[in-house]
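These notes are about the structure you will find just below.
Numbered from 1 within each chain, the chains take letters A, B, ... in sequence-line order.
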Number of protein chains: 2
Amino acid sequence: MAGNGTRTSASGETIQHLKKMIASGEFPPGGRLPTERDLAVQLGVSRNTLREAIRALTLAGLLEARQGDGTYVTSLSPAMLLDTFAMLVELSADATVLDMLEVRRALESVAATQAASRITDEQLGRLAGHLEEMRHDPQRGDGSVDEVVHADAQFHAVVTEAAGNPVLAALIEALSTRTLRARTWRGRVDQGVFDRAIREHEAIFEALRDRDPARAGAVAAAHVAGVEAFLRAAQH
Amino acid sequence: MAGNGTRTSASGETIQHLKKMIASGEFPPGGRLPTERDLAVQLGVSRNTLREAIRALTLAGLLEARQGDGTYVTSLSPAMLLDTFAMLVELSADATVLDMLEVRRALESVAATQAASRITDEQLGRLAGHLEEMRHDPQRGDGSVDEVVHADAQFHAVVTEAAGNPVLAALIEALSTRTLRARTWRGRVDQGVFDRAIREHEAIFEALRDRDPARAGAVAAAHVAGVEAFLRAAQH
DNA sequence: GCACAGTATTGGTTGGGCCAATCCATAGAC
DNA sequence: GTCTATGGATTGGCCCAACCAATACTGTGC
């Protein structure tokens, strides 16, 4: 009966069907889908198969199911969608880490450049705060590298936020896995290059504070390049 | 004791569990998973629930199920993983198109820069071929814009291939949706700026042929910037 | 008008069953 | 001896029916 030309598994077919319905606006962002029972009948598949499709699209960030309530289409914001992309990056092989960093270098540079001409005083204030947190030398005290890692992540998050490009922000976020950050900072502490990393962040901050786009882009690129060099050396 | 921070549904839990097993190397890339029946017992969930998790990770590009054979972990290559990311981009709202292009501009520039110092004569030859295909003016003949779109895509694919960074290639590929390419070329034909677009591609080709990284990066960025300007104007 | 209990609705999960594609070992043809 | 095909055994694909759990809704009593 189905006889469709494409390689069709009922489940995969259902996924495509749902995607199409969402893309066509039949189910608008934020809108609610029919109940699983009804939708299964409508699509001509069992509820079980429909559920597999829904679950898959939920993991992809397209749908959101709330028990007792219903299933809704997400806002389809870049951040939401690229969030799942981050999951994939996390699982990538070590061999691709340097490739990812090369991309991140370009993106962070663009973000800093854009941010320099758009950043607000409030954002600059937060930046300064995170910079201060970062200065807590983990070698003394309880030595919690986690704190520094967190401050580092926050710092870069503010920069990408100031850049005002959600796609750019989401991509940078996705490429900056927490595990990589942690590894890098721990290595810096071990090798005594902690201060240099701090200075790099200060340079980015100062360029942004001076609203100097070209300089901001350059120092941001240099910063990531420093991480690259560090990791490249560590791989031997 | 449920007070765990994470939202725990058996299905979501299973997805996390599988991801962990893959990340930890318990299921190495290319490796085969136990049968659904066995794995369901092992994870303490029903086979149906396990199937939802497997289907979700399959859509995400992490697993690959072959009926009658078994379920395998994919190669986890960037291209494979980012392929699903492309699907998400396709569904993004129009409002984010310009944001995406801004990112693409940076990435294409990097790709061209890298390619300039690594491209082989064979790749240059293919580039010239695609350039020739692109010159088939769609205004005469059957006016198949599709052909030009395809040649355009191939052209950029060769550039990213020559750049030698799989992550970069996959990202650019994902951000360059076919629908967007088609829309752009059709608009160029309508507005008679077809030749200019061809010249931009020629400029990229010549910079690569001369192995001039800086120039290649610059003209590539200018090319995407042209697309941006074109679409920005078209939105009004 | 408001708090609360009961009920209907809806996604979450389970177990079992059957189908279809693939693999594999064995028997047969040449 | 080598190749073929034939028939199980294995494995994912799909469906059905039922029950659980969380949420929304509704009507009652105050």
Side-chain angles (χ1 to χ4, degrees), chain A residues 1-19 21-22 26-74, chain B residues 1-19 21-22 26-74:
Chain A
M1 44 178 268
N4 190 323
T6 63
R7 63 189 61 240
T8 48
S9 62
S11 180
E13 195 73 14
T14 304
I15 291 177
Q16 295 301 323
H17 207 138
L18 288 178
K19 270 170 47 180
M21 285 168 136
I22 295 171
E26 188 166 346
F27 299 145
R32 188 183 141 161
L33 272 60
T35 70
E36 291 184 349
R37 274 111 176 158
D38 292 347
L39 194 54
V41 173
Q42 182 182 336
L43 298 182
V45 297
S46 77
R47 189 180 161 217
N48 231 319
T49 301
L50 207 217
R51 276 186 61 76
E52 283 185 15
I54 288 180
R55 173 63 70 177
L57 291 175
T58 298
L59 180 68
L62 281 169
L63 296 178
E64 184 185 349
R66 292 201 286 267
Q67 183 175 174
D69 187 356
T71 303
Y72 298 81
V73 180
T74 64
Chain B
M1 85 157 239
N4 188 327
T6 63
R7 60 192 70 238
T8 47
S9 63
S11 180
E13 198 73 14
T14 304
I15 292 176
Q16 296 300 323
H17 208 139
L18 288 179
K19 270 170 47 182
M21 285 169 134
I22 296 171
E26 188 166 346
F27 299 144
R32 190 182 137 159
L33 271 61
T35 71
E36 290 185 349
R37 271 105 177 164
D38 292 347
L39 194 52
V41 173
Q42 181 181 337
L43 298 182
V45 298
S46 76
R47 190 183 159 215
N48 257 320
T49 301
L50 206 214
R51 276 185 60 78
E52 282 185 17
I54 288 179
R55 173 64 69 177
L57 292 176
T58 298
L59 178 67
L62 283 172
L63 296 178
E64 184 186 350
R66 291 201 287 265
Q67 184 175 174
D69 187 355
T71 303
Y72 298 81
V73 180
T74 64

Could you give the [atom1]-to-[atom2] distance, from [X] to [N], as a whole number of Å?
X       : N      : atom1 : atom2 : answer
A:Glu52 : C:dG11 : CD    : P     : 17 Å
B:Glu36 : C:dA21 : CD    : P     : 16 Å
B:Glu64 : D:dT11 : CD    : P     : 18 Å
B:Leu43 : C:dT13 : CG    : C1'   : 15 Å
B:Arg55 : D:dG12 : CZ    : P     : 12 Å
A:Gln67 : D:dC19 : CD    : P     : 17 Å
A:Arg51 : D:dC14 : CZ    : P     : 16 Å
B:Arg47 : C:dG16 : CZ    : P     : 13 Å

Residue whose nearest DNA chain D nucleotide is more 5′ - A:Thr49 or B:Arg37: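 Residue closer to the 5' terminus by nearest nucleotide: B:Arg37.
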Position toward the 5' end of DNA chain D (nearest nucleotide), B:Asn48 or A:Gly68: B:Asn48
Phosphate-side-chain proximity, A:Ser9 and D:dG13, N/O vs OP1/OP2 below 4.0 Å: no
B:Thr71 vs D:dG12: side-chain N/O to OP1/OP2 distance below 4.0 Å: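 So the side chain of B:Thr71 is within the cut-off, an N or O lying under 4.0 Å from OP1 or OP2 of D:dG12.
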Criterion side chain to side chain contact (heavy atoms under 4.5 Å, CB included) on A:Leu43 and A:Thr49, from CA distance to verdict: CA-CA 10 Å; A:Leu43 298 182; A:Thr49 301; over 6 Å; no
Test log, rule side chain to side chain contact (heavy atoms under 4.5 Å, CB included), inputs A:Leu59 and A:Arg55: CA-CA 6 Å; A:Leu59 180 68; A:Arg55 173 63 70 177; 5.7 Å; no
Touch class at under 4.0 angstrom, heavy-atom based, for B:Arg66 against every strand present: sugar-phosphate
Closest approach of B:Ala53 to B:Ser11 (non-hydrogen atoms, all atoms of both residues): CB-O, 4.3 Å
Check against side chain to side chain contact (heavy atoms under 4.5 Å, CB included), A:Leu62 and A:Val73: CA-CA 6 Å; A:Leu62 281 169; A:Val73 180; over 6 Å; no
Along DNA chain C (nearest heavy atom to each residue), the more 5'-positioned of B:Asp69 and A:Arg32: A:Arg32
Derivation and outcome, side chain to side chain contact (heavy atoms under 4.5 Å, CB included), residues B:Gln42 and B:Leu39: CA-CA 5 Å; B:Gln42 181 181 337; B:Leu39 194 52; 3.8 Å; yes
